[in-house]
Amino acid sequence: MTRRAVMVGNVQIGGGTPIVVQSMTSTDTRDVAATVSQIERLQCAGCEIVRVAVPDREAAKDLRNIKEQIAIPLVADIHFDHRLALAAIEAGVDKLRLNPGTITDKEKITEVVRAAKGAEIPIRVGANSGSLAKKFRDAHGHPSAEGMVQSALAEIRLLEEMDFTDIVVSLKGTDVLMTIAAYRQLASEANYPLHIGITEAGTPWEGAIRSAVGLGILLEEELGDTLRVSLTGDPVEEVRVAYEILRSLRLCQRGITYRVCPTCGRTRIDLATIAQRVQEGLADVEEPLTVALMGCVVNGIGEAGEADVGFVGGDGNGTIYVAGEPVHHDVPEGELASRIVQTVQDVLKKAS
Ligand code: SF4
C-alpha cells in the first residue's frame, strides 16, 4: 500500500518516494553557530531533514536564525509547552514533532494544529515508549505494541477531527521486536507516512546493530518512508549508519559500498588500517560506487574484478584494479591507502 505523501519543505516523505534520511542535532539549540555547523556536517553526510530540540523560548527564538543559515528542512522537536510549538511555527520551521503524550490539553493542541495548518507544515505525532501515557500502558504499567498503536491512532484521530491530515507517524520503542510489531499493526490501520526508528538504541556500536536489525526488517516489509538512526554521540554517525542500512537493502544509491575481507592467516598486509584510511579519505563521496579491499588472491581476484575499484593484497604490497583490470601493480603497503583513494577520485573524475 502506498502511503500518503507529506511535504517537509521541499522534501517529500511517503507517496512512493525513496526513503528520506533524518537526524537530530546534539548541540544546544541556543548556540546557533554550533548548531548550524553541525547541521552543515549532517547535510554533507547526506542528511535530508534535520530536527532540533526546542526546550525553551530562547531556543524557539533562535530557530529563525538557524533556518536562515541552513539548506535542508528544519523540524522543531516540542514537548510539554505548546507555546514553543507556536513560536517555532512563527519562526518558519518546516515541520513539528509534537508529542500529545507530553502536551495533553486538547485546547492547546488545537491551537498548535490551527497554526500548523495556517503555515501549511506537517506534524509528526506518535508514541515513544519512554513517554507513553499511562492509559496506553499494559496491565503491568509497561509499554506494549498494542498500546503504542492505540496511542498513535488516538493522536491521529484528534488531528483528523480538526481536519488536519498533514501527518507523519512514528512508533519508536527501545525494544526492537515491540517496535516492529507496532509498525506492522499501525500500517494496517492508517496510511500516513511512517517515520521509523529504534529509540535510545545506544552507543554507535550497539545502536547501529539494533537499528539495522529493526529498521532492516521494517524496510524489507516496506514499512518506512523516513528514518532516523538514534545513536549516542556525533549525529553524523547516525546518517552514515542509515545509508549503510539502506544500501544493504538496495534502497539507495548514495555513496560507496565497501567489500572488505575479514583477513586471515594468509594476510600479509595491515588491511584494517588500510581500509580505515581509505574510508576516511572517501567519506564525502556521494556517487554510487563499489570498492573491494581484499587481503589476498583467494577471494580477492573475484571481488576486485567485480568492483568499480578493487585492491588485492600481496606480501607487503598490493595490486589496484579498475573495472576488473589491474592498473597499479606491487604498490608498497605504506602507499596503498592513498593510491586507492586517488584511483577512486580519478574514476569519479573520468565519469563526471
Ligand atoms: S581474501 Fe585472502 S586474506 Fe582475505 S579472508 Fe580470504 S583468504 Fe584470507
Side-chain angles (χ1 to χ4, degrees), residues 45-46 201-217 219-220 229 231 233 236-351:
T203 53
W205 183 81
E206 64 201 342
I209 295 170
R210 299 182 69 237
S211 297
V213 171
L215 301 185
I217 291 170
L219 290 168
E220 180 57 14
V229 172
L231 300 177
V236 168
E237 282 306 307
E238 297 186 351
V239 178
R240 292 199 182 119
V241 172
Y243 279 103
E244 204 53 51
I245 293 171
L246 292 174
R247 272 197 294 269
S248 302
L249 296 166
R250 297 193 203 137
L251 289 173
C252 94
Q253 296 279 311
R254 188 184 197 282
I256 296 178
T257 301
Y258 287 97
R259 292 174 189 145
V260 188
C261 94
T263 74
C264 71
R266 292 188 186 85
T267 322
R268 295 287 176 266
I269 48 165
D270 181 0
L271 185 64
T273 301
I274 293 169
Q276 194 186 339
R277 288 194 185 140
V278 168
Q279 292 188 341
E280 282 167 8
L282 298 172
D284 292 338
V285 173
E286 292 180 19
E287 292 84 350
L289 211 69
T290 308
V291 173
L293 306 171
M294 304 297 292
C296 83
V297 293
V298 173
N299 291 323
I301 302 285
E303 292 292 353
E306 289 293 314
D308 295 302
V309 175
F311 142 75
V312 180
D315 191 357
N317 57 25
T319 300
I320 299 173
Y321 290 69
V322 172
E325 296 298 325
V327 292
H328 302 299
H329 296 271
D330 301 329
V331 179
E333 182 170 358
E335 295 173 24
L336 270 169
S338 58
R339 294 284 293 276
I340 295 166
V341 168
Q342 188 57 52
T343 305
V344 170
Q345 286 165 346
D346 291 345
V347 166
L348 291 172
K349 212 166 163 189
K350 217 169 161 189

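By convention here, the first residue in the shown sequence is residue 1. Below, each value reflects all heavy atoms present in this structure, side chains not excepted, and no hydrogens, waters or symmetry copies. Atoms within a ligand are numbered from 1 in the order they appear, just like the ligands themselves.
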Here the gap from I256 atom CD1 to L348 atom CG, rounded to the nearest 0.5 Å, amounts to 7.0 Å
Count up the protein N, O or S atoms sitting under 2.8 Å from atom 8 (Fe) of ligand 1, would you? 1
Under 3.5 Å, is there a donor-acceptor pair between the side chain of S338 and the main chain of E335? yes
Can you give the donor-acceptor pairs under 3.5 Å from side chains of residues 257-268 to other protein atoms, not counting sequence neighbours?
residue	atom	partner	partner atom	Å
T267	OG1	C264	N	2.8
T267	OG1	C264	O	2.8
R268	NH1	G265	O	3.1

Summary of side-chain hydrogen bond (donor to acceptor under 3.5 Å, both in side chains) pairs that have at least one residue in residues 305-328, sequence neighbours excluded: H328-R339
Test: salt bridge (charged side-chain N to carboxylate O under 4.0 Å, His left out). Region: residues 277-289. Which pairs qualify, not counting sequence neighbours? R254-E286
With a 4.5 Å limit on heavy-atom distance, are the side chains of I274 and E333 in contact? yes
